[in-house]
Peer 1: 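Following this message is one structure expressed as structure tokens.
What you see below is based on every heavy atom in this structure, not just the backbone, and it leaves out hydrogens, waters and symmetry mates.
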Amino acid sequence: MADLSQIVKAYDVRGVVPDQWDEALAELFGAAFAQVTGADAIVVGHDMRPSSPGLSRAFARGAAARGVDVTEIGLCSTDQLYFASGQLDLPGAMFTASHNPAQYNGIKLCRKGAAPVGQDTGLAEIRSLVEGWADSGAPEPAATPGTLTWRDVLADYAAYLRSLVDLSGIRPLKVVVDAGNGMGGHTVPTVFEGLPIELTPMYFELDGTFPNHEANPLDPKNLVDLQEKVRETGADIGLAFDGDADRCFAVDERGEPVSPSAITALVAARELAKHPGGTVIHNLITSWSVPEVVKEHGGEAVRTRVGHSFIKEEMARTGAIFGGEHSAHYYFRDFWNADTGMLAALHVLAALGGQDGPLSELVREYDRYAGSGEINSTVADQAASAAAVRAAYEGREGTETDELDGLTVTTRDWWFNLRASNTEPLLRLNVEARDAETVARVRDEVLAIVRA
């Protein structure tokens, strides 16, 4: 059996198919999820990867064998699964490996109302059960098995999103969308239907082998086709979704990428207009622009660790109206505190279409600093390399350090964060400053220590 400690991560289960993942294992996970949640019913969906339908159905069988009624929603984006979990008030399981290569698959799990399942909120217990059953045999089935029912929620999902953003008065927009052969090709046509949008679709054919490029817009090489198409068509905006379409990236009318921090600040301003004085969550590698804009619009900014489960926990704890990460995950109180790139995209379209200027001018107000982007370094000893950086900066005049998530060093003119990857021998560096020259100087100084 696969080593579950290697494929169970912070909030999902992910591994190579078929080497680490098969339907027998998925069935055990379904049984364990049923037991840990204690639910009478759950909802299950999957993406377009070739292995997803079989794994999803096996998980559903495992849960049903334990007496749980399973609603299967079939092909869906991850945020569509969160919608179903929230709307139906059921725990949910989404089979996807998000932006990862085709040979991977996994599950994202949530409790009812799209609440997160993390290491301390059920995932460790699920792993323990699966390991035990794999060694000693499958669990006893329930006296009365649950039912398997299919339900289409796409139209309801689209209608709900459109109810949260007023797009009725926007000017006509030319929009290019690159779905990367992922689930955006399934959701975008329905969500955009009836809007004053001239849509140019790219790679909308659902294909989990990703024949055109990886469905990971965080990597600049995967934006090249979208950038060229925006320039070629004279579009107002380009949007790129990742494989499970829960993240959305934007490029402006020139084909230039728009920082996810700028999108976070823009959406935060719009949400604060609806909910004055609200709290906005941002992780510690978002731009200084985000808390500045939040405060300027009368809100309270709360800084947190990087990661899905941490953001959702802070959203629930503080009653925040919105949260954003620099990885282009956007969380909304009106969406059960879950992340939905599609709703963020609708906010950007509403803001763009509600005025006459181009997107590049619109986001200038929210993009105030120079940044390095995330730079990864492979290191033999993460702790030792990080300690060397800490020793170089700790106590230096004019600097402050904190260890909320990795090491953050801040001055009046720049900051950097250095974090260890949980899954690879990497250190991740992000630098921001008031000008590009300072970014380059600080970046090179830190990398020289990390890579020594």
Peer 1: Is the charged tip of Lys312 near the ring of Tyr82: under 6.0 Å from the six-membered ring centre and within 45° of its axis?
Peer 2: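 Geometry flag: set, cation within 6.0 Å and 45°.
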Peer 1: Are Phe322 and His347, when compared by the centres of their aromatic rings, separated by less than 6.0 Å?
Peer 2: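 Ring centroids of Phe322 and His347 are no less than 6.0 Å from each other.
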Peer 1: How about Asp356: does its CG atom have over 12 heavy atoms from other parts shown lying under 6.0 Å from it?
Peer 2: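 No - once you tally the heavy atoms of other residues, nucleotides and ligands closer than 6.0 Å, there are 12 at most.
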Peer 1: For Tyr104, is there any backbone N or O sitting under 3.5 Å from a side-chain donor or acceptor partner on Arg49?
Peer 2: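 Confirmed, Arg49 side chain pairs with Tyr104 backbone.
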Peer 1: Verify, without hydrogens or angle tests, whether Glu253 (side chain) and Ser360 (backbone) share a donor-acceptor contact under 3.5 angstrom.
Peer 2: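 Present.
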Peer 1: Can you sort out the partners of Thr438 under side chain to side chain donor-acceptor pair (under 3.5 Å), two or more places apart, ordered by chain and number?
Peer 2: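 By the side chain to side chain donor-acceptor pair (under 3.5 Å) rule, Thr438 matches Asp435.
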Peer 1: Taking the six-membered ring for Trp, are Trp21 and Phe29 parallel (under 30°), tilted (30 to 60°) or perpendicular (over 60°)?
Peer 2: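 Judged by the thresholds at 30° and 60°, the geometry between Trp21 and Phe29 is tilted.
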Peer 1: Okay, side chain of Lys174, backbone of Thr233: is any donor-acceptor separation there less than 3.5 Å?
Peer 2: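 Side chain of Lys174 to backbone of Thr233: a pair is present.
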Peer 1: Does Val258 reach the side chain of Ile263, with side-chain heavy atoms less than 4.5 Å apart?
Peer 2: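 Answer yes - side chains close enough.
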Peer 1: For a quick test of your reading: what N or O donor-acceptor pairs under 3.5 Å do the side chains of residues 178-187 make, sequence neighbours left out?
Peer 2:
| from | atom 1 | to | atom 2 | distance (Å) |
| --- | --- | --- | --- | --- |
| Asp178 | OD1 | Gly180 | N | 2.8 |
| Asp178 | OD1 | His213 | NE2 | 3.4 |
| Asp178 | OD2 | His213 | NE2 | 2.8 |
| Asn181 | OD1 | Asn212 | ND2 | 2.8 |
| Asn181 | ND2 | Glu205 | O | 2.8 |
| His186 | NE2 | Leu75 | O | 3.2 |
| Thr187 | OG1 | Met183 | O | 3.4 |

Peer 1: For Gln355, I'd like to know if atom CD has over 12 heavy atoms of other residues, nucleotides or ligands within 6.0 Å.
Peer 2: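 Enclosed.
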Peer 1: Salt bridge check: are Lys108 and Asp339 linked by an N-O gap of less than 4.0 Å?
Peer 2: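 No, no charged N to carboxylate O under 4.0 Å.
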Peer 1: Hey, is the main chain of Pro425 close enough, under 3.5 Å, to the side chain of Gln382 for a donor-acceptor pair?
Peer 2: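 Not at all, since once roles are kept as given, no pair shorter than 3.5 Å links the two residues.
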Peer 1: Charged N to carboxylate O under 4.0 angstrom, Glu374 versus Arg419?
Peer 2: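 Counted as a salt bridge, because a side-chain N and a carboxylate O are separated by less than 4.0 Å.
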Peer 1: Between Glu361 and Arg364 (salt bridge meaning N to carboxylate O under 4.0 Å), is one present in this structure?
Peer 2: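 No, Glu361 and Arg364 are not salt-bridged.
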Peer 1: Check whether the side chains of Thr340 and Asp79 place a donor and an acceptor atom closer than 3.5 Å, and report yes or no.
Peer 2: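 Side-chain D/A pair, Thr340 to Asp79: present.
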Peer 1: Just wondering, do His275 and Asp334 contact through their side chains at under 4.5 Å, heavy atoms?
Peer 2: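 In short, these two side chains touch, coming nearer than 4.5 Å.
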Peer 1: Between Thr411 and Trp414 (side chain of the first, backbone of the second, donor and acceptor by atom type, cut-off under 3.5 Å), is there such a pair?
Peer 2: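 Answer holds: yes.
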Peer 1: Where is the tightest heavy-atom contact between Ser85 and Cys110, given as atom of each residue plus distance?
Peer 2: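 That would be OG-SG, 3.6 Å.
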Peer 1: Is it the case that the side chains of Asn105 and Ser52 hold a donor-acceptor pair, with the cut-off being a distance below 3.5 Å and no angle test?
Peer 2: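 Looking only at side-chain atoms, Asn105 and Ser52 do form a donor-acceptor pair, the distance falling under 3.5 Å.
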Peer 1: Report yes or no: do Asn100 and Ser98 form a side-chain donor-acceptor pair below 3.5 Å?
Peer 2: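 Their side chains do not contain a donor-acceptor pair, so the 3.5 Å distance test is not met.
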Peer 1: Answer yes or no: is there a donor N or O on one side and an acceptor on the other, between the side chain of Ser128 and the main chain of Glu125, under 3.5 Å?
Peer 2: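 Not at all, since once roles are kept as given, no pair shorter than 3.5 Å links the two residues.
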Peer 1: Step by step, work out the side-chain contact (heavy atoms from CB on, under 4.5 Å) result for Leu362 and Leu266.
Peer 2: CA-CA 9 Å; Leu362 175 65; Leu266 184 154; 4.0 Å; yes
Peer 1: Determine, stepwise, if the pair Leu218 / Arg247 fulfils side-chain contact (heavy atoms from CB on, under 4.5 Å).
Peer 2: CA-CA 9 Å; Leu218 191 59; Arg247 289 188 298 158; 4.0 Å; yes
Peer 1: Between the main-chain N or O of Asp405 and the side-chain N or O of Asn417, is there a donor-acceptor pair closer than 3.5 Å?
Peer 2: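 Side chain of Asn417 to backbone of Asp405: a pair is present.
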Peer 1: For the atom pair CZ (Phe335) and CD (Gln87), what is the distance rounded to the nearest 0.5 Å?
Peer 2: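 If we round to the nearest 0.5 Å, Phe335:CZ and Gln87:CD are 9.5 Å apart.
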Peer 1: Sub-3.5 Å donor-acceptor pair from the side chain of Trp288 to the main-chain atoms of Tyr369, do we have one?
Peer 2: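 No, Trp288 side chain to Tyr369 backbone: no donor-acceptor pair under 3.5 Å.
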Peer 1: For a quick check under 3.5 Å, do Arg111 and Thr37 share a side-chain donor-acceptor pair by atom type?
Peer 2: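 Arg111 vs Thr37: no donor-acceptor pair found between side chains.
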Peer 1: What I'd like to find out is whether the side chain of Ile311 reaches to under 4.5 Å of the side chain of Thr304, using heavy atoms alone.
Peer 2: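 When only atoms from C-beta onward are counted, Thr304 and Ile311 do touch, with a gap below 4.5 Å.
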Peer 1: Where is the tightest heavy-atom contact between Asp89 and Gly113, given as atom of each residue plus distance?
Peer 2: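 Looks like OD1-N, 3.9 Å.
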Peer 1: Show the nearest heavy-atom pair for residues Val267 and Ala344, with the distance to one decimal.
Peer 2: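 Shortest heavy-atom contact: CG2-O, 4.3 Å.
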Peer 1: Could you state the interatomic distance from OG (Ser287) to CH2 (Trp415), rounded to the nearest 0.5 Å?
Peer 2: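 Nearest 0.5 Å value for the OG-CH2 distance: 7.5 Å.
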Peer 1: Rounded to the nearest 0.5 Å, what separation is found between the CG atom of Asn376 and the CZ atom of Arg428?
Peer 2: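 These two atoms lie 4.5 Å from each other.
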Peer 1: Taking the side chain as everything from C-beta on, heavy atoms only, tell me whether Gln227 gets closer than 4.5 Å to Pro257.
Peer 2: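 Side-chain contact under 4.5 Å: yes.
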Peer 1: Does Glu296, at its CD atom, have more than 12 non-hydrogen atoms belonging to other residues, nucleotides or ligands within less than 6.0 Å?
Peer 2: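 Yes, enclosed.
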Peer 1: Could you walk me through whether Val165 and Arg270 pass side-chain contact (heavy atoms from CB on, under 4.5 Å), step by step?
Peer 2: CA-CA 10 Å; Val165 183; Arg270 289 177 53 82; 3.8 Å; yes
Peer 1: Where do Val431 and Val446 land on the side-chain contact (heavy atoms from CB on, under 4.5 Å) test, with the steps shown first?
Peer 2: CA-CA 10 Å; Val431 183; Val446 177; 5.6 Å; no
Peer 1: Other residues, nucleotides and ligands only: do more than 12 of their heavy atoms fall within 6.0 Å of NZ on Lys295?
Peer 2: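 Check fails, neighbour count at 12 or below.
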Peer 1: Measure the shortest side-chain to side-chain distance between His46 and Leu55 over non-hydrogen atoms and say whether it is less than 4.5 angstrom.
Peer 2: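 Result no, sub-4.5 Å side-chain heavy-atom pair not found.
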Peer 1: Within the 4.5 Å heavy-atom criterion, are Tyr366 and Thr264 side-chain neighbours or not?
Peer 2: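 A side-chain contact under 4.5 Å is absent here.
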Peer 1: Which distance, rounded to the nearest 0.5 Å, do you find between the CD of Glu432 and the OG1 of Thr286?
Peer 2: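 Reported to 0.5 Å precision, the distance equals 8.5 Å.
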Peer 1: Taking Leu429 as the fixed residue, which of Leu418, Val442, Val450 is the one that meets the side chain to side chain contact (heavy atoms under 4.5 Å, CB included) rule?
Peer 2: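 It is Leu418; the other options fail the test.
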Peer 1: Minimum heavy-atom separation for Ile107 and Ala93, please, with both atom names.
Peer 2: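 Answer, listing the atom of Ile107 first, then Ala93: CG2-CB, 3.9 Å.
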Peer 1: Looking only at heavy atoms, which two atoms of Val177 and Val175 are closest? And how far apart?
Peer 2: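 Taking Val177 first and Val175 second, the nearest heavy atoms are CG2-CG1, 3.9 Å.
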Peer 1: Quick check: closest heavy atoms across Glu325 and Pro260, and the distance to 0.1 Å?
Peer 2: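 For Glu325 and Pro260, the tightest heavy-atom pair comes out as O-CB, 4.2 Å.
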Peer 1: Do His308 and Asp246 have side-chain heavy atoms sitting under 4.5 Å apart?
Peer 2: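 They are not in contact (no side-chain heavy atoms under 4.5 Å apart), so the answer is no.
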Peer 1: Distance only, no hydrogens: is a donor on one side chain within 3.5 Å (strictly under) of an acceptor on the other, for Ser289 and Arg368?
Peer 2: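 Result is no, nothing qualifies.
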Peer 1: Side chain to side chain donor-acceptor pair (under 3.5 Å) for Thr96 and Asp47? Distances and angles first, verdict last.
Peer 2: CA-CA 6 Å; Thr96 181; Asp47 70 8; 2.7 Å; yes
Peer 1: Please verify the inter-ring angle class for Tyr393 with Phe416; under 30° counts as parallel, over 60° as perpendicular, anything in between as tilted.
Peer 2: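 Taking Phe416 first and then Tyr393, their aromatic rings stand perpendicular (interplane angle over 60°).
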Peer 1: Got Ser77 and Phe241 here, is their nearest side-chain heavy-atom distance under 4.5 Å?
Peer 2: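 No. Closest side-chain heavy atoms not under 4.5 Å.
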Peer 1: Taking NZ, NE, NH1 and NH2 as the nitrogens, is one of them in Glu228 or Arg231 under 4.0 Å from a carboxylate oxygen of the other?
Peer 2: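 Between Arg231 and Glu228 there is no salt bridge, as every charged N stays at least 4.0 Å from the carboxylate O atoms.
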